[in-house]
Amino acid sequence: MNENNIPKTYDAKEWENELYSKWEESGLFNPDICIKKNITDETKPTFSIVLPPPNVTGTLHAGHAAMLAIEDTIVRYHRMKGDRTLWIPGTDHAAVATQSKVENILWKEEQKTRFDLGREEFLKRIETFAQQSHDTIVHQTKKMGASLDWSREAYTLDEKRSLSVRTAFKKMYDDGLIYRGYRVVNWTIKGQSTCSDDEVVTIERQAKLYTFRYSKNFPIAIATTRPETKLGDTAIAVHPDDERYKKYIGQTFTADVGSAKPLAIKIIADESVDPAFGTGAVGVTPAHSHADFEMRERHPEIDLIQVIDTDGTMTAEAGQDYAHLTTLEAREKFVLWLRENDLIEKEEDITQNVGTSDRYEDVLEIIPMRQWFVAVNKEFDHSGKKTTLKQLMREAVGPGKITLLPERFSKTYFHWIDNLRDWCISRQIWFGHRIPVWYCLSCKKERINATVKSRWFFVRHGETDWNKKEINAGTTDIPLNETGREQARLTAEKLAAENIGVIFSSHLSRAHETAKIIGKKIGVDEIIIDDRLQERNMGKAEGLSYSETKKRFPDLQKYNGKSANNESYEEAENRIWKAVSEHLEKHSHKNVLITSHGAVLRALWRKIQGVTPESIMNIKRFPNATPLSIDILKPCEYCGHHFFEQDPDTLDTWFSSGLWTFSTLGWPDENAVDFKNYHPTSLLETGYDILFFWVARMILMTEYLLDTHPFDTIYLHGLVRDEQGRKMSKSLGNVIDPLTVSEKYGADALRMALISGSTPGNDLRLSDEKIVMMRNFTNKLWNLARYVGTMTEKTNTPPEPKTDADQYLIKKLHAIVRDITRHLERYELSLAAEELREFTWGDFADWYVEVHKVEKNDALLRYAFDKILKLWHPFMPFVTEAIHQTFHFDTNEFLMIAKWPEFDTTKLEIATENRFELVKGLISTIRNVRAAYHIDPAQKMTVSAFGESEQTLRGNEEIFKRLARIDKLQTLKSAVAPKNTLRVQYGLLSAFLHLDGVVDIAKERARFTKEKDEKEKYIATLEAKLSNKNFIERAKKEIIETKHGKLKESQKQLLDIKNHLASLQN
RNA sequence: GGACAAUUAGCUCAGUUGGUUAGAGCACAGCAUUCACAUUGCUGGGGUCACUGGUUCGAAUCCAGUAUUGUCCACCA
């Protein structure tokens, strides 16, 4: 290899993309291929991690980069070790997070809300956005060097994960753990959705606390910051022992505050009330407070009155003065009323904590609603014993079960479980897994996780001129107008993806043409004309305007009205029902479009819903060319109808994320190969900020569904902050973009900066400076390779030690391999990286390479460097692989799959001289002890030793016995130190003696890893320096050229060294 | 209000089960430069390990308390 061809600096950009593609093409990220290529085999242990799926909300940030760096390091280590190693990539649809992001963009760019676009179109926008985010994320992930098995990539919203979600939902529903209940939920007005307790972000704000009475003679005053909610008060709670109020407990007082009905306030006793706070009485608003709702569960006799609506205005229950006002307007008005009636006793300014929505950032309202919940406290039968989900979660973590790193987080975990309420899993947002529940349109009964046979669409024709002029057409054949045709085309677009097989249409041209326009656009040629789908015959009313008809034939709007010699709703309904039923028998497996007319569809819709004939006019009119979709299922087991509609809500995103460790491995197919091989996974590595959101839910789901743990160990990394310790945020402009950084300094430098100097659970400050330092190190490694690769001969001689320095290096190398391996096994990445860096830079580069320049031992140098390179690979995959590809120190095709270095404990034994020194030290100790405690120097003693010192002592037992006057050398294991013992420290050893006269000497822990051969190393360096001709010549020159006859410091040092060496030789 | 953490050199941080003289990088000072590497090397200064007690032969490390900072949780109406 010609030195000149190799650049002096390592240029990450030159290598990274190319190397990643090569790795990827090799397929070696996939354990199946590693088995095929004999890098591992079926007898080897498995090691698996699922990547915490990044949200498809944009791009990766520094936190993701840390996650990737940590996980990839661990994964690469295990792969090199020969484990069957699997790391699965994926992304998270992240429901609310993504939806709110797209909604914000939509509002900013087009001033539209999701309701303006409609469900289908809005979802399309989100999917486009999600796809782009996904691509960016994958690109960034690859840039970091992450050795993920892309062939197994998953998405929380794809078909397979969807199946897992439905399966899990059904099982929980069947076990009674998922229920639909009327409870108070956190509601974001802006997002028009619920959110779970964990998604609530409490912020501090200024508020006014009003103390008032409901009426002049009301016996108890209460305080509130939300006076308008008091219109929904139904009780006052006081402490049971509160003497002031005891006499009122159980009584009900009424007060007219302007709400729809006068308030009936019952005085109840509840332990949760703090009698010392405020007036010692709490106004209870069960509809708009979690605490008060729970209070009502304890006191079911009190009422619940909802005064705030989902749009943030007051309901009718609040009274006609307040209905439809915003909460703020209502508050002002109510306060004014209180003031006018002289009911306010106190107004004070306080700071208050309020809950806001994590994603929409508006203050949440607490509103009672019918929602889906997971019951965490409900007992159920689990593998033969009674338990609750809470209990399952609690029992999963602890010694011998799931290990948390750092361990202290288990405390917060348990605390969180203890305070857990039922988990609200339904969301009114559109992006996410639809709740797999269908309601029979006729009898309203639920069906879970149903198979949809087909979807049927009912469309009223597009607009005609008569529609526009509000004239009855009936059987009169009025064609579509231009607007009508356009409407049909738009409808076709909406239906394009619905895979419609057949179209049935009324023969009347306005319907038929609508069908034709749609059919052409969605590629359905066959349009079956069925006269029974035609419009209601309006008899004499055809051609009359709506208002005229109303005047002349008022009974036409009735179910049986026939005064215009017309067809009644009843007759029309029967014929269309017959037609639809017939078609259903033949075509229920196909998606079907039916184009028909307003009145008959309305009649049909009434029939399907099974409401009384009299309420026909309460059925909403069908607008022109707007599809109504109905799911066709197996007939309802209660009423026999086929028509169902799915719950419009979606699931909390964490419901699907909770299944991630096994939904990615093939579950619900419990025989899936991956599932059998790789579950439970070995490690979960994620930020501590989602311990509750995600980790806890995975534990819940896995314990419940599979009766096992999702992972053995949880490694929680900290938040990545900027150099001043602030959270990275766009508004502060301090965001470190991993992509920019890795382009500038290389991915390896970024990885190292994120790993070293960081410990699990603690936040990490990332600065440019730190990254530069690591970039410098990658360059150091590169140049080491240049030296070792070009300055040494390739040799096949085994690396035999020739000098003390060689000996030291070998010993140190084995110690390093042992330490790094041990650190990696314990997930102590930072320690591993630091220690390895110190060894590489301090020992190998700055010391041994210098030695090598004098005492050439090429075989050993190459041998050592090869080991170092392999140890570095998991941390810095690119530069190490680049070196490998350039210099080929090892024969493997890729360093990535090179065998992890092993160490030999016998090589770690300390040298004889050092042992001797150790013994000498111990003897002095004994002498000191004898002197200090006036023990007869002639008296013999028992000496006890531990650990590595024991070995040392045994090796020199005879000398030791003689010199130290002992009669017995004993072995003690730690913990044995008797109470009445004095211990005296000397050097490396600590000795202790019993006060009863017999002296024991023991060494509790000797640390030999850093022992005295530092000295060896020092001498070797000096020798090397001094025998380096250049060095001597330079020094001489310096001395001669020195002006003023004064030696510079450095020269003095040189002389010192010389003298020192001379004294050593004597 | 509760819980958890942090406090080590001018700055950013390691220090994993109590043990030689408490470490690293940056910054600072001095020196070196045909050398694999200036993205370099050598040398040096700089620390009462927040404070006060306790346990121990021995404490940055364990215990108790105090102070400051931060994070999370909580129904103070």
Side-chain angles (χ1 to χ4, degrees), chain A residues 3 6 8-10 202 209 211 222-226 236-237 272-274 276-285 289-295 350 352-353 406 408-409 411-412 415-416 419 688-689 691-692 718-719 723-725 745 749 756-759 761-767 769-770 772-791 823 826 828 830-831 834-835 837-838 842 845-846 849-850 853 921 929 981-993 1003-1007 1010-1012 1025 1028 1030-1031 1034-1035 1038 1048-1051 1053:
Chain A
E3 190 187 340
I6 300 166
K8 283 178 130 180
T9 50
Y10 167 67
T202 42
L209 181 69
T211 307
I222 54 154
T224 183
T225 55
R226 297 283 311 267
I236 280 181
S272 70
V273 180
D274 175 4
F277 185 85
T279 60
V282 185
V284 182
T285 324
S289 151
H290 285 292
D292 295 359
F293 186 82
E294 278 164 24
M295 197 104 70
I350 57 155
Q352 167 206 36
N353 290 333
R408 67 184 145 88
F409 275 99
K411 258 198 172 160
T412 46
H415 181 255
W416 177 81
N419 291 301
Y688 65 75
D689 50 328
L691 177 63
F692 306 137
L719 261 51
E723 46 198 322
Q724 290 160 54
Y745 301 111
S756 76
S758 77
T759 36
N762 289 335
D763 291 355
L764 160 88
R765 290 190 198 197
L766 186 62
S767 59
E769 189 185 86
K770 197 167 177 187
V772 168
M773 165 183 142
M774 292 307 171
R775 190 271 319 266
N776 293 355
F777 181 70
T778 57
N779 194 54
K780 188 76 188 173
L781 205 62
W782 175 255
N783 275 294
L784 270 174
R786 285 182 67 209
Y787 179 82
V788 179
T790 57
M791 294 299 177
H823 285 317
R826 295 177 186 170
E828 297 162 356
S830 173
L831 283 179
E834 287 294 304
E835 204 168 305
R837 195 165 60 91
E838 206 172 298
D846 292 343
V849 167
E850 295 302 320
K853 286 171 185 168
V929 167
T981 315
L982 268 181
R983 280 172 255 186
V984 181
Q985 187 178 359
Y986 176 84
L988 279 173
L989 305 167
S990 79
F992 60 88
L993 62 142
K1003 162 81 184 69
E1004 291 165 316
R1005 299 181 71 78
R1007 305 215 148 189
K1010 278 186 170 178
E1011 16 74 12
K1012 293 284 187 210
K1025 281 264 173 194
N1028 184 328
N1030 263 336
F1031 190 82
R1034 272 206 315 268
E1038 279 283 336
K1048 284 186 181 176
E1049 271 310 298
S1050 60
Q1051 294 145 3
Q1053 281 161 19

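Chain letters run A, B, ... following the sequence lines, proteins first and then strands; every chain starts at 1. Quick note: numbers below take in every heavy atom, side chains included, and nothing from hydrogens, waters or symmetry partners. Remember, predicted model here, so these are calculated numbers, not experimental data.
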Find which nucleotide of RNA chain B each of Thr9(A) and Arg226(A) is nearest to by heavy atoms, and output the residue with the more 5' nucleotide.
-> Thr9(A)
If you measure from the C1' atom in A14(B) to the same atom in U7(B), how many Å do you get, rounded?
-> 15 Å
For nucleotides G44(B) and C4(B), find the distance between their P atoms and express it as a whole number of Å.
-> 44 Å
Counting heavy atoms from C-beta on, name the nucleotide in C76(B), U16(B), C37(B) closest to the side chain of Lys780(A).
-> C37(B)
Side chain of Leu784(A) only, please: which of A36(B), U40(B), A77(B) is the nearest?
-> A36(B)
Closest of A77(B), C37(B), C73(B) to the Asn783(A) side chain is C37(B)
Pairwise C1' distance for U39(B) and C57(B), with rounding to whole Å | 49 Å
Contact check, side chains of Leu764(A) and Leu719(A), non-hydrogen atoms, under 4.5 Å = no
Flag the pair Leu784(A) / Val849(A) as yes when at least one side-chain heavy-atom distance between them is below 4.5 Å, and no otherwise.
-> yes
Aromatic rings Tyr10(A) and Trp782(A): how do their planes relate, parallel, tilted or perpendicular, breaks at 30° and 60°?
-> tilted
For C31(B) versus A36(B), give the span between their P atoms, rounded off to a whole number of Å.
-> 25 Å
Would you mind classifying the nucleic acid contact of Ile222(A) as base, sugar-phosphate or nothing, using non-hydrogen atoms under 4.0 angstrom?
-> nothing
Taking atom P of A3(B) as reference, at what distance in whole Å does atom CZ of Phe409(A) sit?
-> 17 Å
Among the nucleotides A36(B), A3(B), G25(B), which one has an atom lying closest to any side-chain atom of Lys411(A)?
-> A3(B)
Are Lys780(A) and Arg837(A) close enough that some pair of their side-chain heavy atoms sits under 4.5 Å apart?
-> no
Go through the steps for Asp292(A) and Met295(A) under the test side chain to side chain contact (heavy atoms under 4.5 Å, CB included), then give the verdict.
-> CA-CA 5 Å; Asp292(A) 295 359; Met295(A) 197 104 70; 4.1 Å; yes
Given atom CZ of Arg786(A) and atom P of C35(B), what is their separation to the nearest angstrom?
-> 10 Å
Could you measure between the two P atoms, the one in A24(B) and the one in G45(B), and give it in whole Å?
-> 12 Å
Write down the distance between CG (Leu764(A)) and C1' (U71(B)), rounded to a whole number of angstrom.
-> 16 Å
Using Watson-Crick and G-U wobble pairs with both distances under 3.5 Å, what is the 5'-to-3' dot-bracket string of RNA chain B, with [ ] for crossing pairs and | for pairs outside the strand?
-> (((((((..((((.....[...)))).((((((....).))))).....(((((..]....))))))))))))....
Integer angstrom distance from the C1' of A50(B) to that of U8(B) | 10 Å
Is any side-chain nitrogen or oxygen of Thr759(A) closer than 4.0 Å to OP1 or OP2 of U16(B)?
-> no
Kindly point out which of C72(B), A77(B), A14(B) is positioned nearest to the side chain of Ser830(A)?
-> A14(B)
Report which part of the nucleic acid Gln352(A) touches: base, sugar-phosphate, or nothing (heavy-atom distance under 4.0 Å, all strands).
-> sugar-phosphate
Rounded to whole angstroms, how far apart are CG on Asn762(A) and P on G70(B)?
-> 16 Å
Against the side chain of Ala291(A), the closest entry in U39(B), A77(B), C75(B) is C75(B)
d(CG, Leu719(A); P, A5(B)) in whole Å = 18 Å
Can you tell which of G25(B), A36(B), C76(B) lies closest to the side chain of Glu769(A)?
-> G25(B)
Pairwise C1' distance, A9(B) and C49(B) [rounded to whole Å] = 10 Å
To the side chain of Asn779(A), which of A77(B), A14(B), C37(B) is closest?
-> C37(B)
Once you round it to whole Å, what is the distance between P of C37(B) and CE of Met791(A)?
-> 7 Å
Taking for each residue the nucleotide of RNA chain B with the nearest heavy atom, is it Asn419(A) or Arg408(A) whose nucleotide lies nearer the 5' end?
-> Arg408(A)
Side-chain donor/acceptor of Lys8(A) to base of C37(B), under 3.5 Å = no
Of the candidate nucleotides A36(B), G25(B), C76(B), which contains the atom at the shortest distance from the side chain of Tyr787(A)?
-> A36(B)
When rounded to whole Å, the CH2 to P distance for the pair Trp782(A) and U40(B) reads 17 Å
Atom-to-atom span, NZ of Lys770(A) to P of C26(B) - whole angstrom = 13 Å
Taking the same atom, P, in G2(B) and in C75(B), what whole-Å distance lies between them?
-> 16 Å
